[in-house]
Engineer: 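Below is a structure I'd like to ask you about.
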Number of protein chains: 2
Amino acid sequence: MNQPFSSVWTREPRPARSATLSRAQIVRAAIELLDTEGLDALSMRRLGAKLGSGATSIYWHVANKDELLELAVDEVYGGITLPDEDTAWREAVSVFARSMRAVLLDHPWAAVLLGSRPSLGPNAVALVDRLMKVCRRAGFAGMAVDHAWSTLLAFVLGVTTPEIAWRAALGSTRVSDTELMKATHSVAEDAVRDHPDLAAHYALYKDMDIEASRAAAFDFGLTCVIDGLQVRLDRGDAPPSG
Amino acid sequence: MNQPFSSVWTREPRPARSATLSRAQIVRAAIELLDTEGLDALSMRRLGAKLGSGATSIYWHVANKDELLELAVDEVYGGITLPDEDTAWREAVSVFARSMRAVLLDHPWAAVLLGSRPSLGPNAVALVDRLMKVCRRAGFAGMAVDHAWSTLLAFVLGVTTPEIAWRAALGSTRVSDTELMKATHSVAEDAVRDHPDLAAHYALYKDMDIEASRAAAFDFGLTCVIDGLQVRLDRGDAPPSG
DNA sequence: GGCTCGGCTCGTACAGTGTGCGATTCCACT
DNA sequence: AGTGGAATCGCACACTGTACGAGCCGAGCC
């Protein structure tokens with residue numbers, strides 16, 4: 001009857017002959033703007049200006065702003081290196097996860113969008129397809145296949161999103177790296193007065209490289225997830241039933 | 001010198017004597033509005049109307065909308081049942097994770113906010129403090145403590161956020177549960193034409209209860225994470241060095 | 001050539017946003 | 001009663017997404 005979602009992906013894009021404005025151009029320009037100026041900076045008027053066209057001209061090629069963002073997000077999905085089907089699954093999964101994190105850190109605006117709407121673009125679907133195959137080859141079957149890859153994806157998304165948030169919050173105060181650390185520490189101390197354990201604990205980070213410690217946290221978590229999947233395989237929790 | 005963040009939490013709230021408008025009232029009303037009408041529906045004018053006051057009166061008690069959202073988010077944090085310090089860590093962690101998921105599903109607007117800004121409110125900090133203690137008692141030490149709880153948190157956030165997104169997307173098309181499943185399936189099929197494996201796979205879900213399968217996915221992932229942490233403990237990856 | 005027609009662009013307009021500012025009200029205390 | 005600060009509010013500004021209709025431009029037909 002009526003299409004339940006009328007997503008960008010169900011409709012076909014406008015012909016885009018030799019026009020001055022094409023969907024691809026629009027999406028590319030939007031991504032540039034998003035990368036350099038952030039999510040809040042993307043307005044149709046600014047995008048139009050960047051493209052040297054009227055703001056509302058964009059609406060010929062794209063139904064609305066949301067749809068444009070969906071397209072941009074799928075483009076980001078496309079930047080993630082798909083794990084090779086033939087490599088050992090632990091390796092494949094690890095490569096994928098690191099790549100996804102790197103891509104999201106390169107396009108900070110994408111993380112929140114990626115989580116806040118279903119991803120049905122071709123790149124997203126291709127990614128899921130590949131992940132599925134990797135998981136199946138690893139030994140998962142039935143619904144456990146989905147559980148496996150979605151666990152992995154959830155971890156990457158869930159760890160990268162706050163990471164980006166912290167970067168943005170700290171980055172907006174222009175200070176040196178060490179100043180930045182002190183700032184973090186002082187704020188933490190302030191918010192934490194009632195939690196001496198926590199406060200004492202964060203003294204650990206006083207002389208740490210913040211980026212390195214984030215990478216370490218990511219590796220730790222990733223290893224956990226992978227080992228956890230391994231446990232499922234070893235125990236035979238992988239078959240269709242569960 | 002200059003406060004690097006001037007967060008809500010560093011400033012103290014307005015006295016809030018017997019005024020008709022108090023910070024607490026405002027936050028409560030905001031949460032009600034958010035719960036019933038969603039994130040986009042919260043505007044200062046609407047909130048003012050709900051409170052029977054001028055929109056800009058709110059700004060006496062709250063610096064800006066972002067700050068109001070921070071307060072609301074911390075309130076949500078407060079709804080999460082903290083794991084008891086004495087219970088076995090696997091149980092404690094599991095209880096916490098399930099509670100956090102439940103709370104986020106009850107306040108769908110909170111998930112994206114929670115990920116997109118640093119959480120320094122008292123409830124958030126208290127939660128981290130408690131999680132930290134649980135992890136330490138489990139046997140983690142040094143930075144591994146943080147790695148452990150942040151892995152757990154990342155998983156819960158990362159799995160719940162898309163779950164909410166799907167709910168919202170499907171919920172906006174008013175259809176019965178079974179219709180809803182068919183819709184999902186048909187869209188998936190459409191987006192998936194080039195990926196026969198994937199398409200075939202999703203036939204599995206044709207007669208599944210979608211909520212139940214999400215819960216199952218969550219349990220699966222949570223078990224993975226916990227088992228992964230267990231592996232770290234067993235292998236002695238927990239000490240301060242790494 | 002001129003004419004028409006459809007694809008495409010754009011200016012204008014509308015309803016709505018967050019919030020700075022100055023005026024106004026209200027209450028506690030002298 | 002008067003005064004001073006706390007609290008509220010209306011208005012205004014700049015900005016948002018996008019509906020709408022008027023126009024441009026190039027291709028096919030007479």
Side-chain angles (χ1 to χ4, degrees), chain A residues 6-8 11-31 33-34 37-73 109 112-113 116-117 168 172, chain B residues 6-8 11-31 33-34 37-73 109 112-113 116-117 168 172:
Chain A
S6 82
S7 167
V8 212
R11 258 170 296 118
E12 48 198 308
R14 239 57 189 259
R17 25 178 112 259
S18 67
T20 61
L21 219 54
S22 74
R23 176 180 271 198
Q25 268 177 61
I26 292 172
V27 173
R28 198 182 329 127
I31 291 180
L33 227 135
L34 289 164
E37 311 225 33
L39 185 55
D40 293 339
L42 178 70
S43 79
M44 300 307 265
R45 278 174 248 261
R46 288 199 55 170
L47 183 56
K50 184 182 174 76
L51 286 163
S53 76
T56 55
S57 308
I58 299 168
Y59 285 90
W60 181 257
H61 304 275
V62 152
N64 47 33
K65 193 183 179 182
D66 260 19
E67 188 170 299
L68 173 57
L69 290 176
E70 268 188 82
L71 290 164
V73 165
W109 48 273
V112 36
L113 295 180
S116 54
R117 73 200 66 219
S172 68
Chain B
S6 81
S7 168
V8 213
R11 257 170 300 117
E12 47 198 310
R14 238 59 189 258
R17 25 178 113 257
S18 68
T20 62
L21 219 55
S22 75
R23 177 179 272 196
Q25 268 177 60
I26 292 172
V27 172
R28 197 181 330 127
I31 291 180
L33 209 87
L34 287 164
E37 311 225 34
L39 186 54
D40 293 340
L42 177 69
S43 78
M44 299 307 265
R45 279 174 247 261
R46 288 198 55 171
L47 183 56
K50 186 182 174 75
L51 286 163
S53 74
T56 55
S57 307
I58 299 169
Y59 286 90
W60 180 257
H61 304 274
V62 153
N64 47 35
K65 193 183 180 182
D66 260 18
E67 188 169 299
L68 172 58
L69 290 176
E70 269 187 80
L71 290 164
V73 166
W109 49 273
V112 37
L113 295 180
S116 54
R117 73 202 65 219
S172 69

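In the text below, chain A, chain B and the rest are named by the order of the sequence lines, each starting its count at 1.
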Engineer: Which heavy atom in Gly48(A) sits nearest to a heavy atom in Ile58(A), and how many Å separate them?
Structural biologist: N-CD1, 3.8 Å
Engineer: Any side-chain to backbone donor/acceptor pair from Gln25(B) onto Leu21(B)? Under 3.5 Å, distance only.
Structural biologist: no
Engineer: May I ask you to decide whether Glu37(A) forms a salt bridge with Lys50(A), counting only side-chain N to carboxylate O separations under 4.0 Å?
Structural biologist: no
Engineer: dC10(C) P sits how many Å from Ile26(A) CD1, rounded?
Structural biologist: 11 Å
Engineer: To the nearest angstrom, how far is Trp60(A) atom CH2 from dG11(C) atom P?
Structural biologist: 17 Å
Engineer: Just how far, in rounded Å, is P of dT16(D) from CG of Leu47(A)?
Structural biologist: 12 Å
Engineer: Specify the closest pair of heavy atoms between Leu39(A) and Trp109(A), including all atoms of both residues, with the distance to one decimal.
Structural biologist: CB-CB, 4.1 Å
Engineer: Round to a whole Å and report the spacing from CG of Leu21(B) to C1' of dC27(C).
Structural biologist: 16 Å
Engineer: Please report the shortest heavy-atom distance between Val27(A) and Leu71(A), naming the atom on each side.
Structural biologist: CG2-CB, 3.8 Å
Engineer: Using atom names, set out every protein N or O paired with an N or O of nucleotides 18-21 of chain C below 3.5 Å, distance rounded to 0.1 Å.
Structural biologist:
residue: dG18(C); atom: OP1; partner: Lys65(B); partner atom: NZ; Å: 2.6
residue: dG18(C); atom: OP2; partner: Met44(B); partner atom: N; Å: 2.9
residue: dG18(C); atom: N7; partner: Arg45(B); partner atom: NH2; Å: 2.6
residue: dG18(C); atom: O6; partner: Arg45(B); partner atom: NH2; Å: 2.8
residue: dT19(C); atom: OP2; partner: Tyr59(B); partner atom: OH; Å: 2.7
residue: dT19(C); atom: OP2; partner: Lys65(B); partner atom: N; Å: 2.8
residue: dT19(C); atom: O5'; partner: Tyr59(B); partner atom: OH; Å: 3.4
residue: dT19(C); atom: O4; partner: Arg45(B); partner atom: NH1; Å: 3.4

Engineer: Give me the atom names and distance for the closest heavy-atom approach of Lys65(B) to Ser43(B).
Structural biologist: NZ-CA, 4.5 Å
Engineer: Looking only at side-chain N and O atoms, does Ser57(A) come under 4.0 Å of OP1 or OP2 in dC8(C)?
Structural biologist: no
Engineer: Quick one: Arg23(A) CZ to dC8(C) P, roughly how many Å, whole number?
Structural biologist: 12 Å
Engineer: If I take atom NE2 in residue His61(A) and atom P in nucleotide dG7(C), what distance separates them, rounded to the nearest angstrom?
Structural biologist: 13 Å
